[in-house]
Amino acid sequence: MADEALDRAADGVADGAAVNWKDLYGLARSEEERAELKWLQVLGDLANVHRDHAGNVEDTSRTTLGPATITTVRVGEHWGRYRLDRQLGSGGFGSVFSAWDPDLERNIAIKFLRERVADDGERQDLKREGRALARVQHANVVQVFGIEAHGSRAGLCMELVSGETLHAAMKTQGLFSHREAGLIGEDVCRALAAVHAAGYLHRDVKAQNVMRDHTGKIVLMDFGTGHDTGGGTRRPLDVVGTPAYMAPEVLHGHSASERSDIYSVGVLLYYLVSERYPVEGSSVLEIIDAHDKGRRRPLVEHRPDLPMSFVHVVSRALEPDPADRWASAGAMLEALEKTVHDGAPWVRVLIRTAAAATGAVMGLVALGMINSRYFNIVMGREAFVREGFADWLSWGWKSAFAPMVLALMAFVAASLLRLVVKAVVRLSTRARRAADAVPRVLHRLGLADIETAAAWAVAGSIAALGTTFWLLLPDVALLLGLVNPNIPSAPVAAWHYLSPLNGDRHDAYRLGFEWACLIGVALWILPFRLAARQGRRPSAGILLAGGAVLLLGILLLDFPYRLLYQAELETVRWNGGTCYLLGERSDDALLLCPDSEAPRTRAVRKGDPGLERLGTALNPFAHPSSSPEERR
Amino acid sequence: MLAVGTLPSPEIAAEPLAPEATVELLDRARRGDTVALEQLLDRCIPPLRRWAHGRLPGPLRGPQETADLVNNAVAATLERLDRFEVRHQGALQAYLRTAVLNQIRDLARQHKRRPQMTALPEELANQDPSPLELAIGAENIERYEAAVDRLPQADQEAIIGRLELQYSYDALAVALGKPSPDAARMAVTRALKRLAAEMRRG
């Protein structure tokens, strides 16, 4: 159909109706048509502004060229019982006056709303809101006494806070340190938690609405827009708030939420430490466009000196997807407390590095101990070997090296694949739609829930490990069977599997379990990402099950390492035959003599004249008598 | 805070004049009939005031300031009224809107030229862009104005009447001398498509 998208767009703009621009962009058949749709969207916004502002001017229509008569409030006049003493400020919302309440003999602040809210229904809404907000009693929330209407003006009566806004403070003192900003953020989060607990949203958290009084107390102000009008979608400009502080979903017309308030706190903290905003633009449309195209400046670009813990708290509050933000003001408060009250950054880095290094060393020692102990048991030499921490660390490092290289390669490949997918998604509309559909699909599958995702991770790990185990069952059975009683007592024919000649089978065994473990780890990425986003953990039972499966995989991968790859022993000549030195103990030496009768171990005196150490190390399983050809 | 569009759009208070009435009143005004002039302006000024409110930067956006600015622009335009050939109120409205727009531009230029005499508090010294600049950006406004200027006169009047002055289709039909609201609507949608194409061309 010719120009269908343009026709529908022009009709919508002309009628002032809601237009689903996303659908229309999808209908556009050429770049030109898309460009014209974009301009029609701009025209729609232009019409919205004029439509709105048509209602903002007091009607003086019956005047000629003379001055207009306007009902207004002025300093020195009375409004109801209040005497208006001083104008504190004004803006798009109306104006704020300091006033004297003669009944209660105290100074209060009155915010006069626009004339346009004088409509009866809206006045009732405001009254309801005022009463509800009056119930929010918190040290960091300005106390609202109520909403009153006198004459044609409705006003919000509230506590008079003497001090300056953070916006003004920024102008006088300059950038805030991360500790100052963090402490302010804590108080703002406390205030928001109280507001949210009362079932309300603030919807306009910004530096101009946060006061620091003369005692340093932080007070969240301005609840004139604090009610949530509830569901449905609205036009992009049908919004309440300050564009730079507004969450992207709110700018797109979706309802505000606790998480959109948290986004605003993130912007506030970003602003306090950098005097910039994460997403900037000279107009609402530019800001929306910047959000859509992911044009946001990481905080570290402005302040590379900030501790990463603080940057992380702010970044998470600013996540474009509300699900990725802090789940609540309380969760953000907790994170801020940690970043503000922890020790100096370098101490934290040191502690973390030391903890990670200790963990890594202990892990390697454990691996080394597993494969060394197994090797000693199956070789029947436990009593003749003394190994300690350093030996286990060395064996652990050797056994973990190949899996770590494989994991690194898999990580690099996955990162490259991610980059390619991102590029394709950016270039192709179809791919973008597919990518957009992923969260929906995950949601439908229940994978947006941590417990379900974790359960799937456990099931997937078990499946990966079980499949590998089944495919490598003969090898596993053989290796486990060697323990009973031990290799020296087993028929020499059974040694053949361990011969380096079967290196391919050994590699297949290791590779199989390396992949099983890698898959097991990869499957946990989703639940852990969800856990990080939602600020909670999977249940202990599921974590334990997952850990157990992964540990089993690592054990299966690692226990035969030394037997398969590091079985070389020093060769000796004893009584004319070739033997291998299994171990030594004070004056005794334990020999493995493949050509002898089982058990093929011999404990001999080190000074035995028939014993000659050859000084070369060879794999006993490559001994000629273990070869089927030789036996024939 | 930005509080835009949360109320239903207001209808235009005064219905536009039929083309014949507009022509007649304008003729009488040109001959010095002040009653005719007042009747004419009574129809034209309120929509202009509402329109100007969205185009003015913060400090000039008060009701009184808006009224003064529109009145000044209209008064200056009246001096050239005899040079203006009117066909209907829509044309007069578009003409007056251009006059007000020029007045706003003059003010903006003066503001830029004026030296800063005192150190104003930051919030007061802030440029505080107009709501329209805030919503679509200064560059887009320039592009829009330039594109509107390149449109045929009839399209300009339809766009200005509907998008900027927020006439209902009934009122627009009268203002543009169209036979029906549907005809006015069709004129607007066609003009919008042509305007979008002009804006694309830059």
Side-chain angles (χ1 to χ4, degrees), chain A residues 3 6-7 10-11 13-16 32 35-37 39-40 42-43 45-65 67-68 70 89 91-93 114 116 119 122 167-168 171 204 222 224-225 235 237-243 281-286, chain B residues 1-10 12-14 38 41-42 45-47 49-55 58 63-64 66-68 71 74-75 121-123 129 131-141 143-144 147 159 162-166 185 188-190 192-193 195-197 199-200:
Chain A
D3 287 349
L6 289 175
D7 285 339
D11 285 348
V13 171
D15 295 346
E32 281 186 359
E36 286 177 21
L37 276 174
W39 289 116
L40 279 170
V42 170
L43 292 173
D45 291 335
L46 176 142
N48 288 341
V49 172
H50 283 296
R51 185 175 305 119
D52 181 69
H53 281 268
N56 284 348
V57 183
E58 285 81 353
D59 194 2
T60 56
S61 59
R62 297 312 296 175
T63 66
T64 56
L65 299 180
I70 301 153
F93 56 86
R114 286 178 177 284
R116 55 187 294 197
D119 163 74
E122 291 188 59
H167 187 258
K171 300 298 168 193
D204 200 16
D222 200 345
T225 57
R235 299 196 316 269
L237 291 173
D238 223 10
V239 291
V240 179
T242 304
S282 59
S283 67
V284 182
L285 280 184
E286 267 188 39
Chain B
M1 81 193 66
L2 185 77
V4 184
T6 50
L7 291 178
S9 68
I12 303 302
E38 273 206 19
L41 295 178
D42 254 8
I45 285 180
R49 252 178 221 157
R50 286 187 281 262
W51 167 83
H53 191 249
R55 303 297 293 259
Q64 187 57 59
T66 308
D68 287 348
N71 292 347
V74 171
E122 180 68 22
E123 287 183 54
L132 193 58
E133 280 175 323
L134 197 64
I136 69 171
E139 282 180 20
N140 286 343
I141 294 175
R143 199 174 181 126
Y144 164 76
I159 294 284
R162 180 65 186 166
L163 260 58
E164 298 193 14
L165 303 178
Q166 292 290 307
R185 183 175 185 273
V188 173
T189 51
R190 282 180 186 155
L192 273 171
K193 284 165 67 178
L195 178 58
M199 290 178 81
R200 174 177 58 77

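Side-chain contact check for A:V42 versus B:R143: every heavy-atom pair is 4.5 Å or farther apart. At least one side-chain heavy atom of B:Y144 sits less than 4.5 Å from a side-chain heavy atom of A:L46. Two residues are said to be in side-chain contact when any heavy atoms from C-beta on lie closer than 4.5 Å; A:D7 and B:K193 meet this criterion. Considering only heavy atoms from C-beta on, A:W39 comes within 4.5 Å of B:N140 through its side chain.
Of all non-hydrogen atoms in B:T189 and A:A14, the two that sit nearest each other are CG2-CB, 3.8 Å. The shortest heavy-atom contact between B:A196 and A:L43 is N-CD1, 4.5 Å.
Residues satisfying the salt bridge (Lys or Arg N to Asp or Glu O under 4.0 Å) criterion with A:E32, sequence neighbours excluded, are B:R200. Every residue meeting the side chain to side chain donor-acceptor pair (under 3.5 Å) condition with A:D15, not counting sequence neighbours, appears here in chain and number order: B:Y169, B:R185.
The distance from the CG atom of A:D11 to the CG atom of B:L192 is 9.0 Å, given to the nearest 0.5 Å.
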